[in-house]
Amino acid sequence: MFVMPRVLPSSFFRRSVLAVAPDLLGKFLVRRVGGETLSVMITEVEAYDGPHDKACHASRGKTPRNAVMFGPSGRWYAYFVYGMHWMLNIVTGEKDYPAAVLIRTAGEFTGPAKLTKALRIDRVLNGKPAGKKSGLWIEDRGVKVLPNQMRRTPRIGVAYAGIWAKKHYRFVLSKPKERNT
DNA sequence: ACGATGATGAAC
DNA sequence: TTCATCATCGTA
């Protein structure tokens, strides 16, 4: 059955980050830049949940870098880290509640820095709404992901975050051979 | 296991 | 103004 591609609206993101994150698995990240369009299926994400989450940038209050997370949902939060890499997040939840989903892996691009490099994502996207106008958006193409087709694990690279490092806020789509199809 | 590489935020 | 840290990756 063919399902017309649907661009996810901001209302999709105006929910708990722990609800949005698993719902992004199987969705398509679409990048239109320089006359080219590339779309890749999202297979790994992480949730960063509010001011109390010590792994979340917002846990130390609002700053110039993380300000976008305090704004409306459905906008890109792109930031520079380790002196060379860009990370791509989508803001979730109500305005003034800082939360976002980090998109770690999509299509053939393994790892959040390799993904942003391949899709030419940098500071230009930060704060822009996800949508065709910004050249970067997410589509629902009808792929259904059941709970038994995903794994939950602790987040990567946040060992400093105490009990928050142990929470299973990372969601990974199972490999095709492990999938129920 | 570690260095690359520079922005960020907190301390001074 | 300095300094430690960092939601990573490639090489060893």
Side-chain angles (χ1 to χ4, degrees), chain A residues 8 12-13 15-29 31 38 40-94 96-130 134 136-138 150-175:
Chain A
L8 296 185
F12 178 92
F13 303 100
R15 298 181 287 145
S16 158
V17 69
L18 290 174
V20 174
D23 278 0
L24 285 177
L25 297 180
K27 300 295 190 294
F28 284 76
L29 181 64
R31 176 63 164 145
L38 181 60
V40 281
M41 190 172 74
I42 297 168
T43 55
E44 179 189 356
V45 298
E46 286 176 357
Y48 288 84
D49 187 16
H52 47 282
D53 177 359
K54 293 303 183 199
C56 182
H57 288 166
S59 66
R60 282 178 296 185
K62 189 174 180 178
T63 69
R65 178 174 71 158
N66 67 25
V68 172
M69 270 206 285
F70 289 79
S73 57
R75 296 188 179 182
W76 299 115
Y77 170 42
Y79 68 88
F80 190 65
V81 75
Y82 293 125
M84 55 188 97
H85 302 308
W86 287 93
M87 302 286 106
L88 178 66
N89 302 250
I90 184 81
V91 175
T92 67
E94 294 296 325
D96 296 325
Y97 184 85
V101 177
L102 170 66
I103 301 177
R104 290 188 59 88
T105 299
E108 68 268 42
F109 307 116
T110 58
K114 286 190 277 190
L115 175 66
T116 55
K117 185 179 180 186
L119 299 191
R120 296 164 63 179
I121 288 160
D122 59 20
R123 72 183 80 246
V124 174
L125 268 299
N126 191 45
K128 296 241 170 81
S134 66
L136 185 66
W137 65 94
I138 301 175
M150 72 175 73
R151 291 180 294 124
R152 293 186 61 163
T153 80
R155 293 169 292 187
I156 306 297
V158 298
Y160 59 86
I163 63 166
W164 296 93
K166 297 183 156 62
K167 293 192 178 291
H168 287 41
Y169 282 2
R170 175 172 174 253
F171 302 84
V172 187
L173 192 61
S174 304
K175 293 185 193 301

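Here is how names work: the chains are called A, B, and so on, in the same order as the sequence lines, proteins then strands, and each is numbered from 1. The structure displayed is predicted, hence computed values, not measured ones.
Within 4.0 Å of A:Tyr79, counting heavy atoms only, lies at least one base atom of the nucleic acid. Here A:Arg155 lies out of heavy-atom contact (under 4.0 Å) with every strand. Contact annotation for A:Met84: base contact, defined as any heavy-atom pair under 4.0 Å involving a base atom. Counting non-hydrogen atoms under 4.0 angstrom, A:Ala113 reaches the backbone sugars and phosphates but no base.
Nucleotides B:dC2 and C:dT5 are separated by 16 Å at their P atoms, to the nearest Å. When the P atom is used for both B:dG3 and C:dA4, the distance is 16 Å, rounded to whole Å.
Counting heavy atoms from C-beta outward, A:Tyr77 and A:Asn66 have side chains that approach closer than 4.5 Å. The closest side-chain heavy-atom distance from A:Ile103 to A:Leu115 is below 4.5 Å. Contact annotation: the side chain of A:Leu173 approaches that of A:Met41 to within less than 4.5 Å [non-hydrogen atoms, C-beta and beyond].
Across the protein-nucleic acid pair, A:Arg104 atom CZ and C:dC9 atom C1' stand 11 Å apart, rounded to whole Å. With rounding to whole Å, A:Trp86 atom CH2 is found 19 Å from C:dC6 atom P. Note: CG (A:Asn66) to C1' (B:dA7) measures 14 Å, nearest angstrom. As a whole-Å value, the separation of A:His57 NE2 from B:dA7 P is 16 Å. Put simply, CH2 on A:Trp76 is 20 Å from P on C:dA7, counting in whole angstrom units. Whole-Å rounding puts the A:Arg60 CZ to B:dG9 C1' distance at 6 Å. When rounded to the nearest whole Å, the span between CE of A:Met69 and P of C:dA7 equals 10 Å. One can place CD of A:Glu44 at 15 Å from P of C:dA7, the figure rounded to the nearest angstrom.
Inspection of the A:Tyr79 and A:Asp122 side chains reveals no N or O donor paired with an N or O acceptor under 3.5 Å.
Classification of A:Lys167 and A:Asp53 as a salt-bridged pair fails, no side-chain N sitting under 4.0 Å from a carboxylate O.
Residue A:Lys114 places at least one side-chain N or O closer than 4.0 Å to OP1 or OP2 of C:dG10. A sub-4.0 Å separation between OP1 or OP2 of C:dA7 and a side-chain N or O of A:His85 is absent. OP1 or OP2 of B:dA7 has not a single side-chain nitrogen or oxygen of A:Arg123 nearer than 4.0 Å. The phosphate of C:dT5 has neither OP1 nor OP2 within less than 4.0 Å of any side-chain N or O from A:Tyr82.
Under the Watson-Crick and G-U wobble criteria, each requiring two contacts below 3.5 Å, nucleotide B:dT5 is left unpaired.
A:Tyr48 qualifies as a stacking partner of the C:dA7 base, centre to centre under 5.5 Å and near-parallel within 30°.
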